[in-house]
Amino acid sequence: MTPTAARVVHVGGQHPYHISIGDGLLDDGIALAARVRGRHALLVSDAHVAPLYARRVEVALHNARPDLRIERAVIPAGEQAKTLAHFGDVLGALAQLGATRDACVLALGGGVVGDLAGFAAACWMRGIDCIQLPTTLLAMVDSSVGGKTAVDLPEGKNLVGAFHPPRAVFADTTALATLPDRELRAGLAEVIKYGGICDAPFLDWLEAHAAALLTRDPAALTEAIARSCQHKADIVERDPFEHGDRALLNLGHTFGHAIEAEQGYSGVGNAALNHGEAVAVGMVLAARLSAHLGMAAAADTARIQALLEGFGLPTRIPAGLDPDLLLARMRLDKKANAHGLRFVLWEAPGAARVVSDVPEDAVLETLREG
Ligand SMILES: NC(=O)c1ccc[n+]([C@@H]2O[C@H](COP(=O)([O-])OP(=O)(O)OC[C@H]3O[C@@H](n4cnc5c(N)ncnc54)[C@H](O)[C@@H]3O)[C@@H](O)[C@H]2O)c1
Ligand SMILES: O=C(O)C(=O)C[C@@H](O)[C@H](O)[C@H](O)COP(=O)(O)O
Ligand SMILES: [Zn+2]
């Protein structure tokens, strides 16, 4: 296949890079090799993605750069693998490879691989290059961009991590052909998030293109990815370390992360919500909390709920989760500070803001409504 970079989004700032979005990019050894500086590369992937795509990337790179030594590290699939233990395994693989400071990590997979491999790259010898090769919709629209890297603890999501921007992002949209429907829908939750934060016309567009997106129409998917990446690029360029506006990208996440942790994280075959699903529920709860506080109209909650449900996403807290325990989880949210919890709430679709001093009884009431 002839690779075509259909779209390129530039991320500016102190460490600028490009996000390339198109067909066949995983086979474009020349473009990939152009971003690899040294003679060592560690390809990190998971047990689902490696058998599908790892060899293709290795062959493409080898053909372009026969001098490059490429090794592979494979972690189990799913959120339950985003742990310090597997992070340690990847560091061990870098040591085995003899990776020098100009070595490169290639993160081939969804957000779990991207976050964990990116964190290993951030830490190995205090920081080496990481090229993100996202294979889920969620990773293409969100996690591969912006340099947040992390692993989870049982106590909470992404509690150990670093900001480490990628050297480049190559989103090969043909990889979406093998993505399970459930994971496609999870990615659409983060796409909807951008509309909720700052782009009300994007919500209109998503309502109009729901069928095309769910049937994986390539033009609709490419448009959704490029528009999402452009929003994320604009925000992280302004505020790479989340001192301000970047927190808006957390819409739905204070609730969502609490649900994920309280369920013990999604794993292959368990019933826990995955990240995108938890964020979908969280966005509805954030909309409802905004209405409770008199910031937004109740009709706005109905609209986001209908849009998410139209994409087959959950919008209620899973049965059996205790509201008090969820609230306790939220106290470890990274937006919280000495003064208490902070939430991303909205005044209307497309007009979100970070709100401090949200009374805990209003949060609890929202959680109790489910
Ligand atoms: N760093 C950030 O800014 C950021 C942003 C959003 C989410 N995240 C993190 O991303 C993670 C969620 O990422 P995700 O939704 O991609 O989940 P994931 O990485 O667990 O991937 C979902 C599933 O799809 C499989 N898969 C991946 N690509 C595939 C393909 N092309 N074909 C077939 N199967 C494929 C995986 O093996 C896995 O089973 C969470 O840990 C979340 O916290 C990080
Ligand atoms: O890039 C960001 O900033 C985000 O908040 C994007 C989120 O979708 C993502 O899930 C992120 O990992 C959450 O970060 P955290 O700081 O709340 O752990
Ligand atoms: Zn997220």
Side-chain angles (χ1 to χ4, degrees), residues 26 45-53 74-83 107-119 130 132-152 156-166 171-191 193-194 197 228 231-233 235-236 239-242 244-258 260-261 265-269 273-280 282-283 330 332-336 342 344:
L26 294 180
S45 193
D46 75 21
H48 290 159
V49 177
L52 292 168
Y53 300 110
V74 179
I75 62 169
E79 187 75 30
Q80 285 179 335
K82 208 173 112 176
T83 60
L108 175 71
V112 166
V113 164
D115 280 14
L116 185 144
F119 184 40
C130 180
Q132 291 280 348
L133 305 174
T135 61
T136 62
L137 180 63
L138 187 142
M140 292 181 192
V141 301
D142 194 347
S143 60
S144 62
V145 179
K148 268 191 183 177
T149 71
V151 294
D152 304 328
K157 280 272 299 185
N158 302 335
L159 286 181
V160 188
F163 287 100
H164 187 62
D172 185 338
T173 48
T174 60
L176 298 176
T178 54
L179 192 67
D181 283 339
R182 181 176 175 190
E183 304 302 340
L184 183 84
R185 293 194 292 265
L188 288 166
E190 298 271 27
V191 172
K193 177 185 79 177
Y194 295 106
I197 296 169
S228 300
H231 280 308
K232 183 144 187 188
I235 293 173
V236 299
D239 181 19
F241 300 112
E242 200 175 302
D245 266 13
R246 181 169 183 162
L248 295 173
L249 294 169
N250 242 240
L251 178 67
H253 285 63
T254 316
F255 291 109
H257 279 172
E260 288 188 81
Y265 304 115
S266 66
V268 176
L273 297 188
N274 64 31
H275 178 72
E277 292 166 343
V279 168
M283 286 193 287
M330 288 184 207
L332 266 187
D333 182 70
K334 285 173 244 59
K335 296 182 300 308
R342 294 193 309 142
V344 183

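Each residue takes its place number in the sequence, starting with 1. Atoms within each ligand, like the ligands themselves, are counted from 1 in listed order.
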For ligand 2, which atoms sit closer than 4.0 Å to a heavy atom of [X]?
X      : answer
Arg246 : 1 (O), 2 (C), 3 (O)
Lys193 : 6 (C), 7 (C), 8 (O)
Glu190 : 8 (O)
Lys232 : 1 (O), 2 (C), 6 (C)
Lys148 : 1 (O), 2 (C), 3 (O), 4 (C), 5 (O), 14 (O), 15 (P), 16 (O)
Asp142 : 6 (C), 7 (C), 8 (O)

Checklist entry - Do any heavy atoms of Lys335 fall under 4.0 Å from ligand 2? => result no

Below 4.0 Å, non-hydrogen atoms only: which portion of [X] touches ligand 1? Side chain, backbone, both or neither.
X      : value
Glu183 : side chain
Ser143 : both
Thr135 : both
Leu138 : side chain

Determine whether [X] and [Y] make a side-chain contact, defined as any pair of heavy atoms from C-beta on separated by less than 4.5 Å.
X      : Y      : value
Leu137 : Leu188 : yes
Asp152 : Glu260 : no
Glu277 : Arg185 : no

Over all atoms of both residues, closest heavy-atom pair of [X] and [Y]:
X      : Y      : value
Thr135 : Leu108 : CG2-CD1, 3.8 Å
Val141 : Val191 : CG1-CG2, 3.7 Å
Arg246 : Gly146 : NH1-O, 2.9 Å
Gly78  : Val112 : O-CG1, 3.6 Å

Per-atom contacts of ligand 1 with [X], taking only distances under 4.0 Å to non-hydrogen atoms:
X      : value
Pro180 : 33 (C), 34 (N)
Lys232 : 3 (O)
Ala77  : 37 (O), 39 (O)
Asp46  : 36 (C), 37 (O)
Lys82  : 9 (C), 40 (C), 41 (O), 42 (C), 43 (O)
Asp115 : 1 (N), 2 (C), 8 (N), 9 (C), 44 (C)
Leu52  : 32 (N), 33 (C)

Checklist entry - Which value, rounded to 10°, describes the NE2(His275)-the Zn ion (ligand 3)-NE2(His253) angle? => result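 My answer is 100°, to the nearest 10°.
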
Next on the checklist: Distance alone, cut at 3.5 Å: any donor-acceptor contact between the side chains of Asn158 and Lys148?
Outcome noted: no

Protein contact of [atom] - nearest heavy atom, named by residue and atom, plus distance:
atom                    : answer
atom 13 (C) of ligand 2 : Asn250 ND2, 3.6 Å
atom 15 (P) of ligand 2 : Lys334 NZ, 3.3 Å
atom 14 (P) of ligand 1 : Gly111 N, 3.5 Å

Item to check | Which N, O or S atom of Glu190 lies nearest to the Zn ion (ligand 3), by name | outcome: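 This turns out to be OE2.
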
Checklist entry - Under 30°, 30 to 60°, or over 60°: which ring-plane class applies to His257 and His275, parallel, tilted or perpendicular? => result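 Rings of His257 and His275: tilted, 30 to 60°.
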
Item to check | ligand 1 contacted by Asn274 (non-hydrogen, < 4.0 Å) | outcome: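 Asn274: no contact with ligand 1 (<4.0 Å).
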
Checklist entry - Under 3.5 Å between some N or O of ligand 2 and some N or O of Asp115? => result no

Next on the checklist: Can you tell me which portion of Leu249 lies within the under-4.0 Å heavy-atom range of ligand 2? Options are side chain, backbone, both, or neither.
Outcome noted: both

